[in-house]
Amino acid sequence: MEKSGKEVFDLAKAGDETAKAEVNKMYWALAKGIYNLQYSFDPEKIVIGGAVSNNPDLIPNIEKNIEKIRKQVKIASLKPDVVSCKYTDQANLRGAVVDFEQTYG
């Protein structure tokens, strides 16, 4: 049975064990990816947009998992600065408009 991301998050909050496990996998995967980006490219900040960035639990849970990585890996001294973008789920649309205006405007 297919579920939307919001439905999975809602199920996890309601205590569904399968949904909680999947949400935790997502947070772990994001934390690993973000940490690897930080370690490889050293950006000043990592900004997350899209509908998932509306979730107030997103950044705290990513940061919690990044701390797990930092504790597990002895050389993991970097701490990425992870934030939600200002326009959350409208970021892609606003970016498309800016791109269109710069290209054709």
_When you group the ILVMFWY residues by side-chain heavy-atom contacts below 4.5 Å and let the links chain together, are M26 and L11 in the same group?_
no
*Validation row: Y87, N92 side chains within 4.5 angstrom (heavy atoms)*: no
*Looking at CD of E44 and CD of Q38, how far apart are the two atoms once the value is rounded to the nearest 0.5 Å?*
10.0 Å
*Which heavy-atom pair separates E7 from E2 by the least distance, and what is that distance?*
OE1-O, 4.5 Å
*Determine the sole option in D57, I46, L30 for which the side-chain contact (heavy atoms from CB on, under 4.5 Å) test with I62 is passed.*
L30
*Quick one: pull up CG in L78 and CD1 in I69 and give me the separation to the nearest 0.5 Å.*
11.5 Å
*What distance do N24 atom CG and Y27 atom OH have between them, rounded to the nearest 0.5 Å?*
8.0 Å
*Can you name the closest pair of heavy atoms from P80 and I34 and give their distance?*
CB-CG2, 3.9 Å
*Can you see which heavy atom on K45 is nearest to which on D81, and at what distance?*
CE-OD2, 3.3 Å
*Counting only heavy atoms not in L93, do more than 12 sit closer than 6.0 Å to its CG atom?*
yes
*Hey, is K64 close enough to E67 for a salt bridge, meaning N to O under 4.0 Å?*
no
*Search all heavy atoms of I48 against all heavy atoms of S53 and return the closest pair with its distance.*
O-CB, 3.4 Å
*Work out which heavy atom in I59 is nearest to a heavy atom in V82; give both atom names and the distance.*
CG2-O, 3.5 Å
*Do any N or O atoms from the side chain of E63 and from the backbone of P60 form a donor-acceptor pair under 3.5 angstrom?*
no
*So, are K20 and D16 salt-bridged, with charged N and O less than 4.0 Å apart?*
no
*Measure across Y35 and I75 and return the closest heavy-atom pair with its distance rounded to 0.1 Å.*
OH-O, 4.4 Å
